[in-house]
Amino acid sequence: MKENIYRLLNEVEMDLADYKDRKLSSEEKEKYKQRILQEVSRMKDREIAEKRKAKPWKIAAGMAAALAITIGAVGIANPVLAQNVWDSVFGKLVDNAKGEKDEKEITDLYTKIGDKSVSAEQELDKHQDKEEYRTTAKSNGVTISIDDIYCDGYVLYYTSSLYTEREGLLHSDGILAENKVGRGQIEIDGLDMSGYSKAFEKAEDGSYVSVHQIDLMSGADENVLWEKEGNTLIVDWMITNLKGNLWDSWDEYGNYMVTENLEGEWHLRFPVTVDVSGNETYVIDKEENGIIVKEAIKTKTGLVIHVQLPDFRKDPYNDSYNDPNIAIKDGQGKYLQWMSQREITKEDGTSECWIMVLYNDEQEVALEVSTREEEEREIAEIRFQVP
């Protein structure tokens, strides 16, 4: 593992020429962390897959018993999963996460999002112009479909499934969906929102499943926001290449071995209704050392904290990068799971920041800010209540 861990980073594209002069923002750190964790966790996935192959489910009754035990075990911690999420793609993704280092984080996130999501069919039923949309696309023996959709105006999640009988793809550990102009080009209302999308993972039933998170808070620029009740977003997902990969095999250049490189055209187009019906805003207005927590917005799955930040390059902070560490914790000091972030920096160096974390009705929340020095120095700890 020590030798292969470096190869797992081969997909991370960085310009090392300015590496020494660059500090990552909180958002960038989160994206890189998730990317690296995903690559490393695939090694654990392969170990689990080998164990499953050694003990296959032989008969339907055995499968039903195993499923009941699994649902029961997960349902103790996540009762909603057993009732509403298990049959969805989110359920397959939760199942795939078993044994991973970040299993609890994945399970918590997908259970919460999955429970509040709607199916693609339910979404289409809200619109009269159904013929304008395409939630299933077929090309060269591969079918890709949109399954579940969640949108609260701050984040958009959608799941997808891939079905094929092509041997090259079926022998892969995962399938990357790519586009000529980028990795799985995604547009919302014509704006490029591709960002980072996860590869299709192999599920127990032989299908390949994937989930995509799009940060709507960042938008295309600071003037684009979608948190308006009933607003309909039009999502276009355009794929022109599917690449089957083996996660534990590399070529001489350190790239994943490819089982099949398939060109085609899969253009999925679907509507997304912005649902802010469960959103509640609470005025906080608490300040410490120039940092102000202005308000908190509670959505169906997350908590968005609106913060006003000073210019950290000035006294008494003296941070030349103007980018301190920011964390959100509950009343017991446990980190709340980071979901997305939006920041607008003003000409005077101050900024407005919106941070979204996964929320499970924690009544006491704390915003912690510290310097990014080798020995972190606390700048502020602002505790507040969320009714």
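This chain uses plain numbering: 1 for the first residue, then up along the sequence.
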Answer with yes or no whether the hydrophobic clustering places Val142 together with Val258; edges join I, L, V, M, F, W, Y residues whose side-chain heavy atoms lie under 4.5 Å apart. no
So, do Leu246 and Thr259 sit near enough that their side-chain heavy atoms are less than 4.5 Å apart? yes
Please lay out, stage by stage, how Trp354 and Ile344 fare under the test side chain to side chain contact (heavy atoms under 4.5 Å, CB included). CA-CA 9 Å; Trp354 292 261; Ile344 299 175; 4.0 Å; yes
Gap separating the CG atom of Asn289 from the CD1 atom of Ile382, nearest 0.5 angstrom: 8.5 Å
Between Asn279 and Thr299, a side-chain donor and acceptor under 3.5 Å: no
Could you report the tightest heavy-atom contact between Gly264 and Ser139, atom names first, then the distance? CA-OG, 3.6 Å
Take atom NZ of Lys314 as the centre, draw a 6.0 Å sphere, and report whether it contains more than 12 heavy atoms from other residues, nucleotides or ligands. no
Is there a path of hydrophobic side-chain contacts, each under 4.5 Å between heavy atoms of I, L, V, M, F, W or Y residues, that connects Tyr163 with Leu170? no
Indicate the atoms forming the closest heavy-atom contact of Glu368 with Lys329, along with that distance. OE1-NZ, 3.1 Å
Side chains of Glu100 and Thr107, heavy atoms from C-beta outward: is any pair under 4.5 Å? no
Counting C-beta onward and ignoring hydrogens, is there a side-chain heavy-atom pair between Asp330 and Leu336 closer than 4.5 Å? yes
Strictly below 4.0 Å, N to O, side chains only: are Asp115 and Lys300 in salt-bridge contact? no
Scanning both residues in full, the closest heavy-atom pair of Glu201 with Asn96 reads OE1-ND2, 3.0 Å
Working for side chain to side chain contact (heavy atoms under 4.5 Å, CB included), residues Phe90 and Ser117: CA-CA 10 Å; Phe90 282 110; Ser117 67; 3.9 Å; yes
When rounded to the nearest 0.5 angstrom, what distance separates CG in Leu216 from CD1 in Ile188? 5.0 Å
Separation of Glu260 CD from Leu169 CG (nearest 0.5 Å): 4.5 Å
More than 12 non-hydrogen atoms from neighbouring residues, nucleotides or ligands closer than 6.0 Å to CD on Glu288, yes or no? yes
Are any non-hydrogen side-chain atoms of Leu367 and Val307 less than 4.5 angstrom apart? yes
Does the ring centre of Phe312 sit less than 6.0 Å away from the ring centre of Tyr317? yes
Run Arg342 and Asp215 through side chain to side chain contact (heavy atoms under 4.5 Å, CB included) and show every step you take. CA-CA 8 Å; Arg342 171 184 173 85; Asp215 181 1; 5.7 Å; no
Taking all non-hydrogen atoms of both residues, which atom of Gly302 and which atom of Tyr359 are closest, and how far apart? C-CB, 3.5 Å
Quick one: CE on Met257 to CG on Asp251, what's the gap to the nearest 0.5 Å? 6.5 Å
Hey, does the side chain of Asp102 reach the backbone of Glu105 with a donor-acceptor pair shorter than 3.5 angstrom? no
Identify the heavy atoms of Ala199 and Ser210 that sit nearest to each other, and give their distance. O-OG, 3.5 Å
Could you grab the distance from atom CG of Asn245 to atom NE2 of His171, nearest 0.5 Å is fine? 15.0 Å
Yes or no on side-chain hydrogen bond (donor to acceptor under 3.5 Å, both in side chains) for Asn241 and Asn179, after CA distance, side-chain angles and deciding distance? CA-CA 6 Å; Asn241 181 264; Asn179 190 279; over 6 Å; no
When you measure from the centre of the six-membered ring of Phe384, is the NZ or CZ of Lys286 closer than 6.0 Å and no more than 45° off the axis? no
If you group Ile, Leu, Val, Met, Phe, Trp and Tyr by side-chain heavy-atom gaps below 4.5 Å, do Leu358 and Ile106 land in one group? yes
Charged N to carboxylate O below 4.0 Å: is that the case for Asp108 and Lys104? yes
Stepwise side-chain hydrogen bond (donor to acceptor under 3.5 Å, both in side chains) check, Thr281 with Glu295: CA-CA 7 Å; Thr281 300; Glu295 61 184 11; 5.4 Å; no
Atom CD of Glu131 with >12 non-hydrogen neighbours under 6.0 angstrom: yes
State, with a plain yes or no, whether a side-chain heavy atom of Asp236 is found less than 4.5 Å away from one of Leu268. no
Using modelled atom types only, decide if a donor and an acceptor are shared between the side chain of Thr164 and the backbone of Gly141 within a distance under 3.5 Å. yes
Member of Ile326, Ile379, Ile292, Thr350 meeting the side chain to side chain contact (heavy atoms under 4.5 Å, CB included) criterion with Leu309: Ile326
According to a hydrophobic-cluster definition based on side-chain heavy atoms being under 4.5 Å apart (Ile, Leu, Val, Met, Phe, Trp, Tyr only), do Val274 and Leu124 belong together? no
Can a donor-acceptor pair be found, under 3.5 Å and without considering hydrogens, that links the side chain of Glu362 to the backbone of Asn360? yes
Per the ring pair (Phe, Tyr, Trp, His ring centres under 6.0 Å) rule, what does the pair list look like for residues 260-291, sequence neighbours excluded? Tyr158-Phe270
Report yes if some heavy atom in the side chain of Gln341 is under 4.5 Å from a heavy atom in the side chain of Met356; otherwise report no. no
Check salt bridge (charged side-chain N to carboxylate O under 4.0 Å, His left out) between Glu287 and all other residues, then give those that pass, not counting sequence neighbours. none
Residue pair Val304 / Ile355, side-chain heavy-atom distance below 4.5 Å: no
Got a salt bridge between Arg383 and Glu381, using NZ or NE/NH1/NH2 to carboxylate O under 4.0 Å? yes
Return yes when atom CD of Glu263 has more than 12 non-hydrogen atoms of other residues, nucleotides or ligands closer than 6.0 Å, and no otherwise. no
With a 4.0 Å cut-off, would you call Lys92 and Glu204 a salt bridge? no
Between Glu132 (side chain only) and Asp129 (backbone N and O only), is there a donor and an acceptor less than 3.5 Å apart? no
Should Asp323 and Arg372 count as an ion pair when the cut-off is N to O under 4.0 Å? yes
I need the minimum non-hydrogen distance between Ser161 and Val209, along with the two atoms involved. OG-CG1, 3.9 Å
Trace of the side chain to side chain contact (heavy atoms under 4.5 Å, CB included) decision for Ser207 with Phe200: CA-CA 9 Å; Ser207 66; Phe200 285 95; over 6 Å; no
Take atom NZ in Lys346; do more than 12 heavy atoms of anything else shown fall under 6.0 Å from it? yes
Partner of Tyr150 by side chain to side chain contact (heavy atoms under 4.5 Å, CB included), out of Leu156, Val155, Val118: Val155
Under a 3.5 Å threshold, yes or no: a donor from one side chain and an acceptor from the other, between Ser370 and Glu378? no
Would a 4.5 Å heavy-atom cut-off, applied to side chains only, mark Ile305 and Val293 as touching? yes
Rounded to the nearest 0.5 Å, what separation is found between the CG atom of Leu233 and the CD1 atom of Ile149? 10.5 Å
